[in-house]
**Q** 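Here's a structure for you.
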There are 2 protein chains.
Amino acid sequence: MVNSKIDISTEQKILAAAKKVFLSKGMAGARMQDIANEAGINKAMLHYYFRSKEKLFEVIFFEAAQKLFPTINLIFESDMSLFEKIENFAEQYITMMSENPYLPLFVLNEVSKGPEVFIRKIWSKQSGPHPQKFLAQIEKEIKKGNIKKISPLHLLINLISATIFPFVAKPMIQFTLGLDELQFKNVMEQRKKEVAKLIIDSIKR
Amino acid sequence: MVNSKIDISTEQKILAAAKKVFLSKGMAGARMQDIANEAGINKAMLHYYFRSKEKLFEVIFFEAAQKLFPTINLIFESDMSLFEKIENFAEQYITMMSENPYLPLFVLNEVSKGPEVFIRKIWSKQSGPHPQKFLAQIEKEIKKGNIKKISPLHLLINLISATIFPFVAKPMIQFTLGLDELQFKNVMEQRKKEVAKLIIDSIKR
DNA sequence: ATACAATTTAACCAAATGGTTGACAAAGAT
DNA sequence: ATCTTTGTCAACCATTTGGTTAAATTGTAT
């Protein structure tokens, strides 16, 4: 009766399988049977450990969101210099995405389709992005005359666009330019410095 | 028996409804009944005019792809100067996306999920993007010493990232920054010049 | 050992979903 | 007028899909 030693292995197998299936097919395209097959277990187990498809999806979705946003916030809210933040953001984010290429498109897509209730849940848990401190820092640097007068808003959008978009458009970029997995990874590796250079050069006086 | 005057109105109603539903819910999330309701007609009509969900989806998908890619190609393959191309691309693309905000995420998402057969069909129809001439032009300008020595590949990726990403991440940007529809549209309007400036400044010597 | 709780499975079930059918109305063509 | 083609619909069908159940198996504390 003590909760004692629930075999964590099955639950983990389900989570791993669900992550794989949801990330590649999305909530609407994923089938519970797919997840069960992928995990090599009976479909009923999915409902035993997680009550419904929606609940299971939420777990995976928040896990994904946690991986995406706190990274931004940790960097944006640290007390690094502006240039250091830009360099760190490009570096860390591209590293993370290289290891989880499906993540950004998955989250972006579900956020855009999902009902607002999801979005509110993320933000209310402080898991959403908080770029305010970063924006304020930019304004301060402008006032101090350390960087060019640019719109902080567009600077932020430029940075995240240049960093994230290549992964959202990965299959299309690969096909259009004829890059295999390794080549794509190399290009993204170069991009860590390329993005930092692009953004920093655009504000350096 | 002559094909004479098929009432085009019903077919158009279906196409408009299908576009709306597919673009907002995606292939997997869309229901035939939704489309019929949206069009205000009987579900059987969908199968009368288009044979199956897949066929109907393909029509909408290619229509969407046609709207996205030929725009790129027309600009990239014209004989404008490099700077003009960059300015024109940002301008025209942002205009088009402001009118069809769901388009980029829809296409990107379906391309990433869809089987390769889709992708090949697009490219084989010359509907896919062909940035080769643009890339060659960049190299030429570098050799002529007109612009800085940068990677043409990253320049291209920077340009399309800065242009397209804000629309892919629209709901998230809106929520994070608290922008309503009008404010978002205004920011995107500013971006036409902001993007051109960012990219051109990064290569101007 | 034995009782009791936790885990796992095969078989089911009801609702949803893509697709079909047959009757019927509208519109031309003869 | 009537015959034929085209367009429309309500009802229906087969399969898929998320979810349930009851029985069996495994683990655990006494």
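Computed from a predicted structure; not experimentally measured. Proteins come first, then strands; the chains are lettered A, B, ... in the order of their sequence lines, and each starts at number 1. Both backbone and side-chain heavy atoms feed into the values below; hydrogens, waters and symmetry mates do not.
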**Q** State whether B/Lys20 and B/Glu38 are salt-bridged, where the test is any N-O pair (Lys NZ or Arg NE/NH1/NH2 against Asp/Glu carboxylate O) under 4.0 Å.
**A**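 Counted as a salt bridge, because a side-chain N and a carboxylate O are separated by less than 4.0 Å.
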
**Q** Got a sec: does the CG of A/Asp79 have more than 12 other heavy atoms crowding it under 6.0 Å?
**A**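 12 or below, so no.
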
**Q** Taking NE2 from B/His47 and P from D/dG7, how many angstroms apart are they, rounded to a whole number?
**A**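 Distance, rounded to whole Å: 17 Å.
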
**Q** Whole angstrom is fine here: how far is it from CD1 in B/Ile14 over to P in D/dT8?
**A**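 About 8 Å, once rounded to whole Å.
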
**Q** What do you reckon, is OH of A/Tyr102 surrounded by more than 12 foreign heavy atoms closer than 6.0 Å?
**A**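 12 or below, so no.
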
**Q** Within this structure, what is the NZ-to-P distance between B/Lys53 and D/dT15, rounded to whole angstrom?
**A**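 These atoms are roughly 18 Å apart.
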
**Q** Looking at residues 23-41 of chain B, who's got a heavy atom less than 4.0 Å off DNA chain D?
**A**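 Correct list: empty, so none.
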
**Q** Can you tell me if B/Tyr49 touches the phosphate of D/dT8, counting only side-chain N or O atoms and a distance under 4.0 Å to OP1 or OP2?
**A**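 It does, given that an N or O in the side chain of B/Tyr49 lies less than 4.0 Å from OP1 or OP2 of D/dT8.
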
**Q** Between C/dG19, D/dG7, C/dA10, which nucleotide gets closest to the side-chain atoms of B/Lys43?
**A**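 Out of C/dG19, D/dG7, C/dA10, the nucleotide with an atom closest to B/Lys43's side chain is C/dG19.
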
**Q** Between B/Leu46 (CG) and D/dT8 (P), how many Å, whole number?
**A**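 The distance from CG of B/Leu46 to P of D/dT8 comes to 12 Å, rounded to the nearest Å.
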
**Q** So, does A/Asn109 use its side chain to make a donor-acceptor pair with the main chain of A/Leu105 at under 3.5 Å?
**A**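 A pair under 3.5 Å: no.
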
**Q** Residues in ring pair (Phe, Tyr, Trp, His ring centres under 6.0 Å) with A/Phe165, at least two apart?
**A**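 With sequence neighbours excluded, A/Phe165 shows a ring pair (Phe, Tyr, Trp, His ring centres under 6.0 Å) to no residue whatsoever.
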
**Q** Side chain of A/Ser52, heavy atoms from C-beta onward: which of D/dG19, D/dT8, C/dT9 has the nearest atom to it?
**A**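 Within the option list, the nearest is D/dG19.
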
**Q** Between P on C/dT21 and CZ on B/Arg51, what's the gap in Å once rounded to a whole number?
**A**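 Answer to the nearest Å: 13 Å.
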
**Q** Take the protein atom OH of A/Tyr48 and the nucleotide atom P of C/dA10, then report the distance between them rounded to whole Å.
**A**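 To the nearest whole Å, that distance equals 17 Å.
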
**Q** To the nearest Å, give me how far apart CE (B/Met45) and P (C/dT20) are.
**A**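 It is 13 Å, rounded to the nearest whole Å.
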
**Q** It should be established whether B/Thr10 places a side-chain nitrogen or oxygen under 4.0 Å from OP1 or OP2 of nucleotide D/dT8.
**A**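 For D/dT8, OP1/OP2 do have a side-chain N/O of B/Thr10 under 4.0 Å.
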
**Q** Please report whether the ring centroid of A/Phe76 lies less than 6.0 Å from that of A/Phe89.
**A**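 Yes, they do, as the ring centres are separated by less than 6.0 Å.
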
**Q** Any non-hydrogen side-chain atom of A/Ser112 less than 4.5 Å from a side-chain atom of B/Lys170?
**A**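 Sidechains of B/Lys170 and A/Ser112: no contact.
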
**Q** Return the value, rounded to whole Å, for the distance between atom NZ of A/Lys13 and atom C1' of C/dT7.
**A**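 That distance rounds to 12 Å.
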
